[in-house]
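Just so we're clear, the structure is a prediction, and the values are computed from it rather than from any experiment.
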Amino acid sequence: MTASAVPGRRFWRIARKYAEVGRIALRSSWAYVWNQLLSTLFLVVVLYVFVQLWRVTFAAQGAVIDGYTLPEMIWYLVTTEAIILSFPRVHAVLEQEVKGGDLALRLSKPYAYLGFHYATFLGEALVKLAVMMLVGGVTARLMVGPIPFRWEAAPVLLLLYFTTHALNFFYIAAVGLLAFWVEEVIGLHLLFDKLKWILGGMLIPVQLYPDAVRRLVDWLPFRHMIGGPAELFVHFSWAGAADLLLHQALWLIVFGLVCTGIYRLGVRRVDLNGG
Amino acid sequence: MTVIEVHGLHKVFRVYRKPESSWERLVATFRPRAAEVEAVKSIDLAVERGETLAFIGPNGAGKSTTIKMLTGILHPTAGTASVLGLTPWKERQRLAFRIGSVFGQKSQLWLHLPPVDTFNLLARIYELDEADYRKRRAELVELFELEEIMYTPARKLSLGQRMRCEIAASLLHRPEILFLDEPTIGLDPVAKGAIRDLIRRANREEGVTVFLTSHDAGDIEQLCRRVVIINHGQVIHDGSVNALKRDYMKEREIDLKLGTPFDGELNLPGVRVIKAKGYGLKLAVDTSAAPIEATLGSLLRECAVQDIAISMPPMERIIAALYQGKEAAG
């Protein structure tokens, strides 16, 4: 009944397991697609405000600022906002499971807890990303016009979204899993999330940051979690994509080890008292 | 063949007390004040393949904690356990392929999707062969009468329908042991009966070992052959359900609403008045002294009965009677 002992077949069975988790999460999230369309009103307002601000800035500075034209700057913002707004509330879900006892349900099944959640949140995020890119893209096109897009790069960009999602997942999941020790993780999440936004280039590309801050950002993971993929969306290059993937892979190892370590320590001391 | 073997299983929880004043909160940040709660105190237990065992006790007795240790969810503070030859908390995933679990208060169904999607997902999670899965699903759909609800979003199903799906889903991978934590909680009597019938059939027809916790004496009486009672984290009784019924579950409670106020006169064998107030009357009936049918017949003849409800005595009273019996014997 259980998986065959042949290693290759076993690998595919495990891969299909998590792929199915992602697919089901995507279908479940699709049930809320109209709610998600409504929630994009916030994105439209943000884009409108920034278009006005950047128009004034570009009028004063010239047609190109640090390699970005006005449409490119707005499309960059659309991409960073889509990455951030599509990311589910991982910390809150994990905290709720640890505190509320749903962890018992998860641990009674033959899958890796973190693997299950990565796949679940990826499925949810893909629906949100599609909605955000659609609404953000239409808004940007109406306000500032299109930018050249290299369609041959689309599969690479999709792959980069998966790795970006994984990096963000492990980063925030590590915060959520601190619920094994602390009463509330919301404060910690706010701190870690804002750090990521500021140093990751959420509102403007990091090329526009002062030199000292940019040098610091180069040593940190945050640019690879938000700004890096958005820069490639606007200015795609194969070398840039390879460089980003390499950096993401390195940071994935670090975040993956930290998150798994926290999970393993935490699950040993889990206190699911009562039913 | 023994499928569950437990020796000296012990679990201590650390419960952190919330400080009241700001100063205490500041101190607690560096030196948290924790109290230790012994949820399970040195349990020994052995379960044979194919048994139907009721693991019961009042709230906070340690039932769910024990189940969670046996399914690998919780790590014990001390003691050993072997479930199907595996140490649950060390080999959780390997064990999960061979056991099923239903937590009455937690749902494994995806609420916005029909049960068939959850079944498909579980087939992948348990790494079932496609053809084998389709055959098994068809069997369970027929057995649990799920044809009409398989394609309805789970959020639109009644609690009874959802529980039928939950149990069917937990049997999809043909588990050798089924852990059921309050599977009939919140169900109406008809749904309870259906769920009990399905669990009984899984045990009889497929040889699944059933490990059940419940507050409902009816679950134990109708489903299980053996009962282990746990209180304050310790096993206080381990014996057959028949013996428990004979000694401690022979009473039934009858609630009556009368057409005229109760006059205080009732002379029926084995019947004791628990409470009488105005038109309401609550009786305890010892079914070993007189069959319940005879008592009911007499009540309907002698009193102007407008409404009637019969129930088992609550688990707390059975346990209290059990303690009294042991003390008297000791």
Side-chain angles (χ1 to χ4, degrees), chain A residues 1-5 9-33 35 97 100-113 115-116 119-120 123-124 127 180-184 264-275, chain B residues 11-16 18 32 37 39 59-60 62-65 67-68 71-75 89 92-108 110-113 117-118 120-129 132 136 153 155 170 173-174 179 181-182 185 213 215:
Chain A
M1 181 59 55
T2 57
S4 143
R9 283 182 65 188
R10 174 100 179 105
F11 172 80
W12 281 113
R13 281 179 188 246
I14 291 172
R16 282 170 64 188
K17 178 186 304 198
Y18 294 105
E20 183 68 13
V21 172
R23 196 185 71 83
I24 289 283
L26 192 146
R27 284 202 55 201
S28 181
S29 193
W30 191 254
Y32 291 112
V33 74
N35 294 21
E97 285 193 355
D102 276 359
L103 189 69
L105 204 62
R106 302 272 169 258
L107 295 182
S108 67
K109 298 282 181 284
Y111 48 56
Y113 180 71
F116 172 84
T120 309
E124 272 181 43
V127 174
F180 283 120
W181 291 272
V182 300
E183 273 298 309
E184 275 188 2
R264 287 200 172 157
L265 283 175
V267 84
R268 287 189 64 82
R269 48 169 288 143
V270 64
D271 284 357
L272 295 169
N273 203 352
Chain B
K11 179 71 186 175
V12 176
F13 288 120
R14 285 173 75 80
V15 179
Y16 291 90
K18 258 204 162 126
V37 176
N59 282 332
K63 308 180 298 286
S64 293
T65 303
I67 279 207
K68 281 168 189 151
T71 49
I73 293 163
L74 289 179
H75 289 242
W89 49 93
R92 175 181 70 79
Q93 287 202 49
R94 278 182 70 196
L95 179 64
F97 279 109
R98 298 175 62 190
I99 62 171
S101 50
V102 174
F103 298 98
Q105 299 182 55
K106 314 267 178 216
S107 178
Q108 61 183 323
W110 287 64
L111 277 185
H112 299 286
L113 299 176
D117 282 321
T118 300
N120 291 343
L121 174 62
L122 288 171
R124 288 271 191 268
I125 285 174
Y126 285 104
E127 303 173 26
L128 305 181
D129 286 318
D132 191 28
R136 178 65 171 163
R155 66 174 188 279
S170 69
H173 59 294
R174 293 193 171 87
F179 289 94
D181 194 357
E182 311 220 19
I185 195 164
T213 78
H215 273 104

Over 12 non-hydrogen atoms of neighbours within 6.0 angstrom of CZ in R94(B):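 Open: at most 12 neighbouring heavy atoms sit under 6.0 Å from CZ of R94(B).
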
Tell me, yes or no, whether the heavy-atom count around R268(A) atom CZ, taken from other residues, nucleotides or ligands under 6.0 Å, exceeds 12.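 Atom CZ in R268(A) is not crowded, with 12 or fewer foreign heavy atoms closer than 6.0 Å.
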
Just by distance, do the side chain of K17(A) and the backbone of I125(B) share a donor-acceptor pair under 3.5 Å?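 Yes; at least one donor-acceptor contact below 3.5 Å.
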
Heavy-atom pair with the smallest gap, counting every atom of P110(A) and Q93(B):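 Between these two residues, the closest heavy atoms are C-OE1, 3.4 Å.
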
Closest contact, heavy atoms only, A104(A) versus K68(B):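 Reported closest heavy-atom pair: CB-CE, 3.9 Å.
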
F116(A) versus chain B, the contacting section by heavy-atom distance below 4.5 Å: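 Just the side chain, heavy atoms under 4.5 Å.
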
Does the pair F179(B) and S108(A) meet the rule for a side-chain contact (heavy atoms from CB on, under 4.5 Å), with working shown? CA-CA 10 Å; F179(B) 289 94; S108(A) 67; over 6 Å; no

side-chain contact (heavy atoms from CB on, under 4.5 Å) between L121(B) and R23(A), worked out: CA-CA 9 Å; L121(B) 174 62; R23(A) 196 185 71 83; over 6 Å; no

So how far is it from T118(B) OG1 to I24(A) CD1, rounded to the nearest 0.5 Å?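 Going from the OG1 atom of T118(B) to the CD1 atom of I24(A) covers 6.5 Å.
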
F103(B) CZ to D102(A) CG distance, which is reported to the nearest 0.5 Å: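 It comes to 10.5 Å.
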
As an exercise: rank K63(B), H75(B), R92(B) by heavy-atom pairs under 4.5 Å with chain A and give me the winner.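 So the answer, after comparing K63(B), H75(B), R92(B), is R92(B).
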
Could you check which of I99(B), L113(B), L111(B) has the highest count of heavy-atom pairs closer than 4.5 Å to chain A?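 Result: the option with the highest number of such pairs is L113(B).
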
Under 4.5 Å heavy-atom distance to chain A, tell me which part of L95(B) shows up: side chain, backbone, both or neither.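 Contact with chain A involves no heavy atom of L95(B) at all.
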
Check whether S107(B) gets within reach of chain A through its side chain, its backbone, both or neither, counting any heavy atom under 4.5 Å.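 Looking at S107(B), just its backbone touches chain A.
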
Among the listed options A19(A), A25(A), S29(A), the residue most often paired with chain B at heavy-atom distances under 4.5 Å: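 Most heavy-atom pairs under 4.5 Å with chain B: A25(A).
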
Between Y18(A) and R124(B), does a side-chain contact (heavy atoms from CB on, under 4.5 Å) hold up when you go through it step by step? CA-CA 8 Å; Y18(A) 294 105; R124(B) 288 271 191 268; over 6 Å; no

Is E127(B) paired with R16(A) through a side-chain N to carboxylate O contact shorter than 4.0 Å?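 No, this pair does not count.
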
Could you go through L103(A) and K106(B), starting from their C-alpha distance and side-chain angles, then the distance that decides it, and tell me whether this counts as side-chain contact (heavy atoms from CB on, under 4.5 Å)? CA-CA 10 Å; L103(A) 189 69; K106(B) 314 267 178 216; over 6 Å; no

